[in-house]
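Reading through the structure tokens given below for one structure.
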Amino acid sequence: MKRAQEVQANLAAKFPSFVKLMLQSHVTGGFWLSFPKQFSDLHLPKHDDTVILVDESDEQHKVKYLVEKNGLSAGWRGFAIAHKLLERDVLVFQLVQHCKFKVYIVRANGLTEIDGAIGLLILDASVKPMDVDQTEKGMTFYSEEGEKCSEPLAVDFHQCNAEENGMVTLSTVAEQSGNDIDEFGSEVLEGIRFSESSVDFKDINSIENFTILVHGLVIDSEIPPHLQSKYYDLCCSQNAFLHDRLLDGLNCKLAAGIICETVNIADAIRASKLTTSRDNFTTWDNTLKAFEKLGMNVEFLCARLDRLVSFAFDVERVLGSKRLERVQAEEEIRTLEAKLLQVKESMQNLDEEIEGLKGKNKTLEVKFREEANAPW
């Protein structure tokens with residue numbers, strides 16, 4: 001940061017400038033760079049425009065400036081990769097013309113070499129270099145928040161803006177179009193590299209030459225080998241790359257996560273049983289449908305899942321029906337048993353009445369004989 005301040009302090013005062021500390025979101029993943037708001041309000045157009053970034057070698061890079069988001073979008077990724085920018089590097093932006101910046105790079109990992117930032121200023125040897133603690137009359141400095149400063153910016157390297165150091169949303173990632181990536185051969189960035197040519201699945205004849213290519217980037221390093229092998233089998237089953245139609249601009253690490261989770265769900269479907277929870281089937285189905293909306297070819301997995309769910313819950317429905325029938329039969333048995341008890345009680349009462357009538361019958365027979373034998 002002190003070297004960057006030296007560069008800024010020696011710039012011509014008539015051209016406004018600001019210092020920018022590179023955070024992770026600026027140089028990896030999202031590749032989004034915001035400008036100090038006050039600087040943008042004072043010196044940049046009030047509409048979206050193309051900004052020219054000129055490096056120390058006078059090479060020009062076109063980058064899209066979005067006024068609503070107050071920063072650089074399409075094209076910044078190419079600039080960052082071309083210049084191998086890393087987290088904690090510091091950049092000095094000097095507005096030399098309308099929407100044209102001279103950019104000086106101060107490396108965090110090599111303070112003895114700052115890409116010629118100071119040397120390219122071509123300072124007059126007879127002019128005494130300015131002290132870092134002094135500011136040239138009329139020169140304007142801006143803080144990270146865009147506020148004017150009376151002296152060059154002093155930044156705490158451990159202080160990170162929550163917006164820039166946080167999660168990159170899908171909508172932000174989608175703005176980073178793959179068409180905005182410049183051609184830099186096979187430059188490596190955290191294991192992800194550019195592909196020198198496109199690959200047609202019909203040319204793949206074994207796992208050895210199977211490469212996972214997403215919008216010009218080879219992302220094999222983001223997927224564990226055992227998952228790559230299983231993903232190769234899934235692609236072979238459909239004779240196509242399942243990720244071939246993923247949305248343009250989708251973050252490559254998000255794409256790798258989608259591929260890995262697709263393989264995991266396929267394994268889970270294979271291992272499922274009739275006793276597998278309905279919640280598991282629902283979770284897998286919702287996840288696959290979300291992937292399908294992002295362009296992943298998982299229709300065949302959804303179809304298999306639907307059939308398994310149909311089998312599993314057809315059996316469940318039959319079992320439920322039979323259980324209901326059994327309950328109804330048990331209830332009917334209880335009803336019949338109650339009726340049988342009532343009949344038995346009726347029979348017992350009838351038996352008692354019959355025995356009583358038998359005793360009464362003997363008395364009647366005596367009286368009958370007496371009446372029959374009585375004198376006329």
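- Counting only residues at least two apart or in different chains, side-chain hydrogen bond (donor to acceptor under 3.5 Å, both in side chains) contacts with residues 336-350 are absent.
- By the 4.5 Å heavy-atom criterion applied to side chains, Met22 and Leu91 are counted as neighbours.
- Listed by chain and residue number, nothing satisfies the side chain to side chain donor-acceptor pair (under 3.5 Å) test with Glu68 (two or more places apart in sequence, or in another chain).
- Note that the NZ atom of Lys230 and the SG atom of Cys235 stand 14.5 Å from one another [nearest 0.5 Å].
- Closest approach of Val298 and Leu288 over heavy atoms only: CG2-O, 3.3 Å.
- Here Phe35 and Phe93 bring their ring centres to under 6.0 angstrom of each other.
- A donor-acceptor contact shorter than 3.5 Å links the side chain of Glu56 to the backbone of Ile105.
- With Ser310 contributing its side chain and Asp306 its backbone, the two residues share no donor-acceptor pair below 3.5 Å.
- The closest side-chain heavy-atom distance from Lys202 to Asp200 is below 4.5 Å.
- One finds the CG atom of Leu301 at 7.0 Å from the OG1 atom of Thr262 (value rounded to the nearest 0.5 Å).
- For the pair Asp55/His83, a side-chain contact is recorded, criterion being any heavy-atom separation below 4.5 Å from C-beta on.
- Between the CG atom of Leu86 and the CZ atom of Arg107 there is a distance of 7.0 Å, given to the nearest 0.5 Å.
- Other residues, nucleotides and ligands contribute only 12 or fewer heavy atoms inside 6.0 Å of the CD atom of Glu299.
- Note: Phe79 CZ to Leu53 CG = 5.0 Å, rounded to the nearest 0.5 Å.
- Scanning all heavy atoms of the two residues, the minimum distance from Ala4 to Val90 falls at CB-CG1, 3.5 Å.
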For this session: Please lay out, stage by stage, how Val343 and Met347 fare under the test side chain to side chain contact (heavy atoms under 4.5 Å, CB included).
Result: CA-CA 6 Å; Val343 171; Met347 290 178 63; 4.2 Å; yes
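- Between Glu292 and Cys302 the shortest side-chain heavy-atom distance falls below 4.5 Å.
- Between Phe210 and Tyr231, the two ring planes are tilted [angle within 30° to 60°].
- Legend: residues meeting side-chain contact (heavy atoms from CB on, under 4.5 Å) with Thr276, ordered by chain and number and at least two apart, are Ser272, Lys273, Asn280, Phe281, Trp284.
- Between the side chain of Gln8 and the backbone N or O of Val92, no donor-acceptor pair lies under 3.5 Å.
- Contact detail for Phe201 and Asn239: the closest heavy-atom pair is CD2-C, 3.4 Å.
- By the 4.5 Å heavy-atom criterion applied to side chains, Lys62 and Val51 are not counted as neighbours.
- Grouping Ile, Leu, Val, Met, Phe, Trp and Tyr residues whose side-chain heavy atoms lie under 4.5 Å apart, directly or via other members, places Val54 in a hydrophobic cluster with Ile52.
- Counting heavy atoms from C-beta on, the side chains of Asn297 and Asp244 never come closer than 4.5 Å.
- Side-chain atoms of His215 come within 3.5 Å of backbone atoms of Leu246 as a donor-acceptor pair (strictly under, hydrogens ignored).
- The structure places CG of Leu213 at 6.5 Å from NE2 of His243, a figure rounded to the nearest 0.5 Å.
- A donor-acceptor contact shorter than 3.5 Å is absent between the side chain of Ser57 and the backbone of Glu59.
- More than 12 non-hydrogen atoms from other residues, nucleotides or ligands lie less than 6.0 angstrom from CD of Glu352.
- A donor-acceptor contact closer than 3.5 angstrom links the side chains of Glu208 and Ser206.
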For this session: Might you work through the side chain to side chain contact (heavy atoms under 4.5 Å, CB included) test for Asn264 and Glu261, ending with a clear yes or no?
Result: CA-CA 5 Å; Asn264 290 335; Glu261 190 60 21; 3.6 Å; yes
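- Of all heavy-atom pairs between Ser40 and Asn70, the closest is OG-OD1, 2.6 Å.
- Note on Glu6 versus Lys2: no salt bridge recorded, every NZ/NE/NH1/NH2 to OD/OE distance being 4.0 Å or above.
- Scanning both residues, Leu11 and Tyr104, for their nearest heavy atoms gives CD2-CE1, 3.6 Å.
- Using a cut-off of 4.0 Å between Lys/Arg side-chain N and Asp/Glu carboxylate O, Lys20 and Asp89 are scored as not salt-bridged.
- Between His98 and Asp49 there is a side-chain heavy-atom pair separated by less than 4.5 Å.
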Problem set entry | Trace of the side chain to side chain contact (heavy atoms under 4.5 Å, CB included) decision for Glu330 with Arg326 | CA-CA 6 Å; Glu330 290 176 348; Arg326 192 175 189 282; 2.2 Å; yes
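- Going from atom CG of Leu23 over to atom OG of Ser34 covers 8.5 Å, rounded to the nearest 0.5 Å.
- Residues meeting the side-chain contact (heavy atoms from CB on, under 4.5 Å) test with Asn205, sequence neighbours left out: Asn209.
- Between Lys367 and Glu370, no side-chain nitrogen of the basic residue sits less than 4.0 Å from a carboxylate oxygen of the acidic one, so the salt-bridge criterion is not met.
- The side-chain heavy atoms of Leu72 and Tyr65, taken from C-beta on, include a pair separated by under 4.5 Å.
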Problem set entry | Derivation of the side chain to side chain contact (heavy atoms under 4.5 Å, CB included) call for Leu242 and Leu234 | CA-CA 8 Å; Leu242 304 187; Leu234 287 175; 3.9 Å; yes
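- Partners of Arg304 under the side-chain contact (heavy atoms from CB on, under 4.5 Å) rule, at least two apart in sequence or in another chain, are Ile269, Arg270, Arg307, Leu308.
- Between Pro16 and Phe39 the shortest heavy-atom distance is CB-CE1, 3.8 Å.
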